[in-house]
Every structure is written in C-alpha cells, then in structure tokens.
Peer 1: 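My questions will all concern the structure given below.
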Amino acid sequence: AYERTCCYFARKTNSVVVSVGYRLAPEHPYPTQFEDCLTATAHFMRTAQEYGVDPSRIIVCGDSCGGTLAAAVAQALVNRRDLPKLRAQILIYPFLQSVDFNLPSYQQNEKVPILLRERTLELSLKYLNKDLSLTKAIIKGCHIPEDLQLKYQKWVNPDYIPHEFKARGYKPSTRHPFSEELYAQVKSMFDTVFSPLLAEDSVIARLPETFILTCELDVLRDDGLLYKKRLEDHGIKVTLCNLQEGFHGVV
C-alpha cells in the first residue's frame with residue numbers, strides 16, 4: 001500500500017527512503033512494532049554511509065500509527081550516545097495520547113470516516129490485545145486515576161487548543177467515576193511508546209526539529225496541536241500544516 005507513496009517521497013525530496021516492514025498486531029503483540037522500528041532505525045543510522053546517506057541528515061517519518069511509532073523512536077533516541085542525532089521528525093496525523101477522547105477534534109469528527117472515534121478506541125484496544133467492550137468506559141475517561149489526571153492535564157488539555165479549532169462546536173466533557181479495575185486492564189495505554197505526548201519534559205526538550213501534518217476532519221487533529229505546543233514550550237522548532245479539507249488517511 002505504501003510503495004508508491006515512498007517512491008514519491010524519494011523522488012520529490014531526492015532522499016533515500018527506508019520503509020520498515022514492522023511486524024503487525026495482533027499476531028505480534030505490542031510493543032513488537034516499536035522494537036522493530038527502533039532496531040531498523042538504529043541499524044540504518046550505523047550503516048547510513050553505505051547507502052550514500054549523511055548520518056547527520058536522517059529523518060524519521062510516519063503516518064497515523066506510523067506517526068506514533070516515529071515519535072516514539074525519536075524519543076527513544078534522545079539518550080543514545082552510540083548513534084548520531086536525528087535531523088528531524090515528520091509526523092503525519094499521528095495518534096499521540098490516550099488520556100482524553102473528548103478533545104474538540106474527537107467531538108467534531110466522531111462520525112467522520114475513516115477513523116470514527118469508537119473505531120480509534122477499538123483499534124487501540126486490538127493493538128494492545130484488550131477487550132473491545134472497554135471502549136465506552138474509556139471514552140468517558142473512567143480509566144484515569146486522579147493523580148495521573150492531574151499530571152497529564154498539564155499536557156493534554158482542551159484549554160490549549162486554539163479557539164479557531166473549536167469553532168465547529170465543543171462542549172467540556174463531564175467527569176465520570178474512576179474504575180480501578182479498568183485502569184488495571186488498560187494502564188499500558190499510558191506508556192510513552194503508546195502515547196508519546198505523555199513523555200517527560202526531559203525527553204521532549206531534546207527532540208529534533210519537527211513537521212506535523214494534521215487534518216481538520218480527523219479525530220487525531222488535536223493530538224498534533226497539543227504535541228506542537230509541548231515541543232514549542234521547550235524551544236523546539238515546529239512546522240504545522242493543518243489541511244482544512246483533509247481527513248484521516250488522505251495521504
């Protein structure tokens with residue numbers, strides 16, 4: 001499915017493009033996908049010159065869950081002293097957080113194909129090999145303990161979404177009671193490999209220059225907007241492109 005896209009990127013940017021054929025869930029459980037991408041990236045960084053590539057000009061890129069993986073790989077590399085530093089990361093409508101499924105973009109686009117709000121949760125739960133019946137309780141926010149809620153609202157907060165992105169309607173969500181049992185089942189959703197937006201400031205501050213593509217008609221739009229803010233708060237240069245008529249999967 002990505003052969004033509006990768007060839008297009010290579011041709012238009014005069015770049016070497018390496019597409020990682022990472023193993024897929026649910027046959028290969030999470031976090032196999034991240035581990036495959038990190039292994040492939042580290043190997044390419046060590047051998048870049050064999051492909052005529054300047055090791056100081058390597059960029060990680062991905063779309064949708066590939067954007068999640070690219071973000072997670074970039075974070076994993078910040079403390080690696082045995083590898084060159086990434087030049088940049090390109091995140092195309094990435095999934096970045098599992099704290100709030102009632103952000104403005106989730107409300108506005110909950111029924112927009114192809115990534116409906118419930119489908120986003122179902123795919124996430126399948127990826128983690130969890131019961132799909134947990135979807136509705138997670139949408140209500142019953143999966144987050146009070147202490148984590150307080151910690152994460154510094155980073156995942158509808159107040160940080162610029163007003164113009166709320167013009168199509170947004171209602172602050174009602175808090176629902178926390179379920180200890182639900183949290184025990186899905187706490188891996190808060191891993192930074194799964195939700196890169198939840199990484200600590202010490203990691204975010206060391207990330208490379210970033211390009212983020214979001215789509216107005218996409219539940220994941222606000223993940224990108226919130227990540228942009230976190231990066232810029234730490235002095236990272238970010239270019240954001242929001243496609244006004246774009247939808248998830250447009251690439």
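These values consider heavy atoms only, across backbone and side chains, with no hydrogens, waters or symmetry-generated copies. As the structure is a prediction and not an experimental result, all values here were calculated from the model.
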Peer 1: With sequence neighbours excluded, what pairs up with F44 under the ring-ring contact (aromatic ring centres under 6.0 Å, His included) test?
Peer 2: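 By the ring-ring contact (aromatic ring centres under 6.0 Å, His included) rule, F44 matches Y51.
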
Peer 1: Can you list, pair by pair, the side-chain donor-acceptor contacts under 3.5 Å of residues 141-156, counting residues two or more places apart and other chains?
Peer 2:
residue	atom	partner	partner atom	Å
H143	NE2	S98	O	2.8
E146	OE1	R175	NH2	3.4
K151	NZ	E200	OE2	2.6

Peer 1: Restricting to pairs with a member in residues 229-251, which pass ring pair (Phe, Tyr, Trp, His ring centres under 6.0 Å), not counting sequence neighbours?
Peer 2: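 Qualifying pairs: Y93-H248.
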
Peer 1: If you count the non-hydrogen atoms of other residues, nucleotides and ligands that lie under 6.0 Å from NZ in K166, is the total more than 12?
Peer 2: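 Result for NZ/K166: enclosed.
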
Peer 1: Could you pull out the closest heavy-atom pair between M189 and L121, with the gap in Å?
Peer 2: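 So the minimum-distance heavy-atom pair works out to CE-CD1, 4.3 Å.
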
Peer 1: Using the rule that Ile, Leu, Val, Met, Phe, Trp and Tyr join whenever any side-chain heavy atoms are under 4.5 Å apart, tell me whether L225 and F211 fall into a single cluster.
Peer 2: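 No; F211 is not reachable from L225 via cluster members.
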
Peer 1: Would a 4.5 Å heavy-atom cut-off, applied to side chains only, mark I138 and L125 as touching?
Peer 2: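 Touching, per the 4.5 Å side-chain cut-off.
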
Peer 1: Is the number of heavy atoms from other residues, nucleotides or ligands within 6.0 Å of CZ (R168) greater than 12?
Peer 2: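 Correct, the count exceeds 12.
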
Peer 1: With sequence neighbours left out, write down each residue that passes ring-ring contact (aromatic ring centres under 6.0 Å, His included) with Y227, or none if nothing qualifies.
Peer 2: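 Y227 satisfies ring-ring contact (aromatic ring centres under 6.0 Å, His included) with no other residue.
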
Peer 1: Other residues, nucleotides and ligands only: do more than 12 of their heavy atoms fall within 6.0 Å of NE2 on H43?
Peer 2: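 Open.
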
Peer 1: So, T120 side chain and E118 main chain: donor-acceptor pair closer than 3.5 Å or not?
Peer 2: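 Between the backbone of E118 and the side chain of T120 there is no qualifying donor-acceptor contact (under 3.5 Å).
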
Peer 1: Is a donor on one side and an acceptor on the other found under 3.5 Å between the side chain of D36 and the backbone of Y22?
Peer 2: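 It does not hold such a pair.
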
Peer 1: If every non-hydrogen atom of E245 is compared with every non-hydrogen atom of L217, which pair is closest and at what distance?
Peer 2: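 Closest approach of E245 to L217, heavy atoms only: O-CD1, 4.2 Å.
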
Peer 1: For residues 65-81, which residue pairs pass the salt bridge (Lys or Arg N to Asp or Glu O under 4.0 Å) check, not counting sequence neighbours?
Peer 2: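 Listed once each, the pairs are R80-D82.
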
Peer 1: For residues P29 and N129, determine if any side-chain heavy atom of one lies less than 4.5 Å from a side-chain heavy atom of the other.
Peer 2: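 With C-beta onward as the side chain, the pair stays apart.
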
Peer 1: Examine distances only and state if a side-chain atom of Q75 and a backbone atom of V203 form a donor-acceptor pair shorter than 3.5 Å.
Peer 2: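 Answer holds: no.
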
Peer 1: Counting neighbours of CG on D159 that are heavy atoms of other residues, nucleotides or ligands and sit closer than 6.0 Å, is the number greater than 12?
Peer 2: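 Counting neighbours around CG of D159, more than 12 heavy atoms of other residues, nucleotides or ligands fall under 6.0 Å, so yes.
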
Peer 1: Distance alone, cut at 3.5 Å: any donor-acceptor contact between the side chains of Y2 and D63?
Peer 2: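 Yes, side-chain donor-acceptor contact under 3.5 Å.
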
Peer 1: Could you tell me whether the side chain of I92 reaches within less than 4.5 Å of the side chain of C61, counting heavy atoms only?
Peer 2: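 With C-beta onward as the side chain, the pair touches.
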
Peer 1: With the 4.5 Å side-chain cut-off for hydrophobic clustering, are V251 and V219 part of the same group?
Peer 2: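 Unlinked, V251 and V219 end up in two clusters.
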
Peer 1: Identify whether L91 and V17 are in the same connected component of the hydrophobic contact network (ILVMFWY, side-chain heavy atoms under 4.5 Å).
Peer 2: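 L91 does not cluster with V17.
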
Peer 1: Do L226 and V238 sit in the same hydrophobic cluster, where Ile, Leu, Val, Met, Phe, Trp and Tyr count as joined when their side-chain heavy atoms come under 4.5 Å apart?
Peer 2: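 Yes; V238 is reachable from L226 via cluster members.
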
Peer 1: What I want to check is whether the side chains of Q97 and S195 have a donor and an acceptor closer together than 3.5 Å.
Peer 2: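 Distance-only check fails for Q97 and S195.
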
Peer 1: Taking L231 as the starting point, is it possible to reach L213 by hopping between hydrophobic residues whose side chains are less than 4.5 Å apart?
Peer 2: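 No, separate clusters.
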
Peer 1: Can you find a heavy atom in the side chain of L86 that is under 4.5 Å from one in the side chain of M45?
Peer 2: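 Contact flag for L86/M45 side chains = yes.
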
Peer 1: Decide side chain to side chain donor-acceptor pair (under 3.5 Å) for T210 and Q89; before the verdict, give the C-alpha distance in whole Å, the side-chain angles of both, and the deciding distance to 0.1 Å.
Peer 2: CA-CA 5 Å; T210 302; Q89 58 178 342; 3.0 Å; yes

Peer 1: In the structure I gave you, are the side-chain heavy atoms of F165 and S105 within less than 4.5 Å of one another anywhere?
Peer 2: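 F165 does not reach S105 side chain to side chain.
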
Peer 1: For Q49, does the CD atom sit with more than 12 other heavy atoms under 6.0 Å from it, leaving out its own atoms?
Peer 2: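 No, not enclosed.
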
Peer 1: How close do A70 and V60 get, heavy atom to heavy atom, and via which atoms?
Peer 2: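 Closest approach of A70 to V60, heavy atoms only: O-CG2, 3.7 Å.
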
Peer 1: May I ask you to decide if P26's main-chain N or O and H28's side chain share a donor-acceptor pair within less than 3.5 Å?
Peer 2: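 No: the side chain of H28 does not pair with the backbone of P26.
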
Peer 1: Please determine, by modelled atom types, if N102 and R117 share a side-chain donor-acceptor pair under 3.5 angstrom.
Peer 2: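 The criterion, which ignores hydrogens and geometry beyond distance, is satisfied for R117 and N102.
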
Peer 1: Quick one: does D191's side chain have a donor or acceptor within less than 3.5 Å of a partner on V193's backbone?
Peer 2: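 Between the backbone of V193 and the side chain of D191 there is no qualifying donor-acceptor contact (under 3.5 Å).
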
Peer 1: Sort and list the pairs that fulfil salt bridge (Lys or Arg N to Asp or Glu O under 4.0 Å) and have at least one residue in residues 230-240, not counting sequence neighbours.
Peer 2: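 The answer is D201-R230, E209-K237, K228-E232, K229-D233.
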
Peer 1: Go through it in stages, so that I can follow the logic: the residues are F95 and F194, the test is ring-ring contact (aromatic ring centres under 6.0 Å, His included), and I'd like the CA-CA distance, side-chain angles, deciding distance and then a yes or no.
Peer 2: CA-CA 9 Å; F95 173 95; F194 188 84; 5.4 Å; yes

Peer 1: State, yes or no, whether a side-chain contact exists between R221 and P104 at a heavy-atom distance under 4.5 Å.
Peer 2: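 Result yes, sub-4.5 Å side-chain heavy-atom pair found.
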
Peer 1: Applying the side-chain contact (heavy atoms from CB on, under 4.5 Å) criterion to T68, which one of S124, C37, P196 satisfies it?
Peer 2: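 Answer to the side-chain contact (heavy atoms from CB on, under 4.5 Å) test with T68 among S124, C37, P196: P196.
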
Peer 1: Hey, are the side chains of L134 and V186 touching, using non-hydrogen atoms and a 4.5 Å cut-off?
Peer 2: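 Contact flag for L134/V186 side chains = yes.
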
Peer 1: Near E181 CD, under 6.0 Å, is it more than 12 heavy atoms from other residues, nucleotides or ligands?
Peer 2: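 Counting neighbours around CD of E181, 12 or fewer heavy atoms of other residues, nucleotides or ligands fall under 6.0 Å, so no.
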
Peer 1: With rounding to the nearest 0.5 angstrom, report the CG to CG distance, L115 to N109.
Peer 2: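 So the CG of L115 and the CG of N109 are separated by 10.0 Å.
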
Peer 1: Would you mind reporting whether T214 and L243 have side-chain heavy atoms less than 4.5 Å apart?
Peer 2: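 Result no, sub-4.5 Å side-chain heavy-atom pair not found.
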
